[in-house]
Amino acid sequence: KYCKSEKSMVILRQKEGSDMLLEFSISNFMSFEEKNTLSMIPSIQSNRGTFNISGINVLKFATIYGGNASGKSNLIKALSTLTYIVRLGLDERHRKLYCRVHEDNKDKPTIFSVTFYANEKFYNYYFEVLLAERKVIFESLSELNPKTGNGKEIYTYTKGELDYKKVFNLKNIDEFNKNRLKTYLFDNNMTQHKLLITDLISKEWDDSQLSFIKDVIHWFSHININMADFPIHDMKYLEKVDERNKVEDILRELNTGVSKIDFTKISEDEFASRTNPHFAKAIIKDVKERYSEIVKSGKKNIREFTLRGDSYYRFLFKPQEENIDILELSLKHENCDTKFDFGDESDGTQRLFDLLDIVFTSQPNSVYVVDELERSLHPVLTYKLIEILKEELQKKNIQLIFTTHETHIMDLKLFRKDEIWFMERDNKGLSRLYSLDIFKIRNEKIIKDGYINGLYGGIPLFKKLEE
């Protein structure tokens, strides 16, 4: 729910989530030909750094190392593509995402599988697609019992199947909901590029008999995937004075020079001069129209939109005046009276604001996936930031999965062995994902030295220049 232009976006606040990732697998996608799996289930018998959900221990962190072009970002893209296809279906951008190392992969299915936790239940969702043809082949959804290892199929659907009984394994469903499912099953067979779950989650469901649909909506709506050079979220934590004060404390601790965070009211003309006149006019018109729709719908709790670009703006709705106030983020530095715009700050400071969204998120149970977490940050600052994140996230059931090149944080004081992963590319250009836990480490104090020396793989391999 955003309007995006010139690397800026207006974001409507979303509902809170309660979701955890347990396992994600992908095959025949970009540099992944064979099945590769990222697991958030501990492989070491220790409760350190885990949290317990319905009696099952789950890891809080996963950090993924690898050389450039090893496939780290492709793993993040695979997760992003998974969520996109589930929400909207296959489109033209997906046609060339199969593993093109071998051209015959074009005619082989790409397989996505994700095991997740939502609404105190464990699910596995699996589907196969032919990306080059934008064609869904098969999908299934199961509810899992992690203590017994058994699963109960909710539905198993081969594209083209119209028999309700062969697709759904649901008991005690009334005729009204059964007929709805039959209708959506028929409708889904009219198109080859959409999953059945895509049609199901796009409808309104109030009946507890079909609670699995709401659970799937819940999880796929709240996983936060961040590619490099794109904001993690809308920094709405800055709206609250007490949280701004805490951010100020953290920024001082990290020695950024920022001592005070505030918002300054500006006019529409000033907003236009700070951005682009045509862009500003379109944004203001869009925000007012959105507020008008909200008022007509009777939703009185939504009073604010945010815009994130070179600077950061808040649009506050004033119902009595039927108008908006525009507030711009401003920052003060130690021993300096001048106010600075957000865009005046260094890339590293701006990156910190992004990452602090994870700490101050309003979604206490959620998953963040971040590509190149350390981008624009000094190694020592990155280490300190991870310490802060770990301390703050102890209070919340939040998972953080990120890729990095930063060996300074490859430290078993920060992470468990099964939280450290490597991505390696072979001489054919294929990626392989594996955990540090498969290695026997004699001296845990020098783990990063072993990595740099190639003991665990996942580092760049250079060829000599021929004269």
Side-chain angles (χ1 to χ4, degrees), residues 21-24 31-32 36-51 57-76 228 254 348 351-352 355 358-359 367-394 398-426 430-462:
L21 174 66
L22 278 72
E23 190 172 273
F24 171 65
S31 58
F32 301 107
N36 278 261
T37 299
L38 175 70
S39 177
M40 301 300 290
I41 301 298
S43 59
I44 301 172
Q45 296 301 315
S46 169
N47 293 331
R48 176 200 164 209
T50 66
F51 54 90
N57 285 339
V58 180
L59 296 173
K60 279 182 168 288
F61 292 88
T63 173
I64 304 166
Y65 287 86
N68 294 100
S70 62
K72 300 187 306 300
S73 295
N74 289 346
L75 183 68
I76 309 300
L254 295 175
R351 183 63 168 166
L352 286 174
L355 297 171
I358 300 171
V359 173
V367 184
Y368 281 87
V369 184
V370 182
D371 195 19
E372 297 183 11
L373 178 138
E374 83 287 0
R375 178 174 54 82
S376 301
L377 300 180
H378 188 278
V380 175
L381 191 150
T382 303
Y383 192 100
K384 183 62 178 178
L385 175 66
I386 293 295
E387 287 185 323
I388 292 172
L389 286 172
K390 288 182 70 69
E391 180 181 354
E392 293 294 330
L393 297 188
Q394 290 297 327
I398 289 179
Q399 288 175 303
L400 174 59
I401 299 163
F402 64 93
T403 68
T404 183
H405 297 285
E406 184 51 71
T407 58
H408 201 66
I409 60 173
M410 189 180 284
D411 188 338
L412 294 181
K413 293 179 181 177
L414 287 180
F415 300 111
R416 299 164 48 115
K417 285 172 62 178
D418 50 5
E419 291 178 324
I420 298 175
W421 292 76
F422 301 107
M423 189 74 74
E424 188 168 56
R425 183 187 63 187
D426 66 17
L430 297 174
S431 298
R432 182 171 70 97
L433 178 68
Y434 53 94
S435 171
L436 176 65
D437 188 44
I438 68 174
F439 296 95
K440 293 182 179 180
I441 302 173
R442 294 180 179 179
N443 190 340
E444 296 186 351
K445 293 182 180 180
I446 56 171
I447 177 177
K448 64 181 178 181
D449 293 336
Y451 171 65
I452 293 172
N453 290 325
L455 292 182
Y456 317 124
I459 62 171
L461 297 177
F462 304 109

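FYI, side chains are in, hydrogens and waters are out, and symmetry mates aren't considered; it's all heavy atoms of this structure. Along the sequence shown, residues are numbered consecutively beginning with 1.
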Closest approach of [X] to [Y] (non-hydrogen atoms, all atoms of both residues):
| X | Y | result |
| --- | --- | --- |
| G348 | L377 | O-CD2, 3.4 Å |
| L355 | L373 | CD1-O, 3.7 Å |
| E372 | T403 | N-OG1, 2.8 Å |
| T382 | E406 | CG2-CG, 4.3 Å |
| H405 | G67 | CE1-C, 4.1 Å |
| L385 | L254 | N-CD2, 4.4 Å |

Is [Y] close to [X] at the side-chain level, that is, under 4.5 Å between some pair of heavy atoms?
| X | Y | value |
| --- | --- | --- |
| E387 | L414 | yes |
| I401 | M40 | yes |
| Y456 | I438 | no |

**OP:** Would you please test E374 and F402 for side-chain contact (heavy atoms from CB on, under 4.5 Å) and show each step?
**Re:** CA-CA 9 Å; E374 83 287 0; F402 64 93; 5.7 Å; no
Original post:
Are the side chain of E424 and the backbone N or O of S70 linked by a donor-acceptor pair below 3.5 Å?
Top reply: no
Original post:
Relative to the ring of Y383, is the ring of H408 parallel (under 30°), tilted (30 to 60°) or perpendicular (over 60°)?
Top reply: perpendicular
Subject >> Parallel, tilted or perpendicular: rings of Y65 and F422 (30°, 60°) >> reply: tilted
Subject >> Contacts of type side chain to side chain donor-acceptor pair (under 3.5 Å), residue E419, not counting sequence neighbours >> reply: none
Original post:
Which residues satisfy the side chain to side chain donor-acceptor pair (under 3.5 Å) test with S431, sequence neighbours excluded?
Top reply: S31
To the closest 0.5 Å, what do you measure between [atom1] ([X]) and [atom2] ([Y])?
| X | Y | atom1 | atom2 | answer |
| --- | --- | --- | --- | --- |
| F61 | L400 | CZ | CG | 5.5 Å |
| I447 | L412 | CD1 | CG | 4.0 Å |
| S435 | I44 | OG | CD1 | 7.0 Å |
| N36 | M423 | CG | CE | 6.5 Å |
| L433 | L38 | CG | CG | 6.0 Å |
| K417 | F439 | NZ | CZ | 10.0 Å |

Subject >> salt bridge (Lys or Arg N to Asp or Glu O under 4.0 Å) partners of E392, counting only residues at least two apart >> reply: K246, K395
Subject >> Verdict with reasoning, E23 to I41, per side-chain contact (heavy atoms from CB on, under 4.5 Å) >> reply: CA-CA 7 Å; E23 190 172 273; I41 301 298; 5.6 Å; no
Residues forming a side chain to side chain contact (heavy atoms under 4.5 Å, CB included) with [X], sequence neighbours excluded:
| X | answer |
| --- | --- |
| D426 | K428, L430 |
| S376 | D347 |
| H378 | V380, L381 |

Subject >> Ionic contact status for R416 with D418, cut-off 4.0 Å >> reply: yes
Original post:
How far apart are the C-alpha atoms of I76 and K72, what are their side-chain angles, what is the distance that settles it, and do they pass the side-chain contact (heavy atoms from CB on, under 4.5 Å) test?
Top reply: CA-CA 7 Å; I76 309 300; K72 300 187 306 300; over 6 Å; no
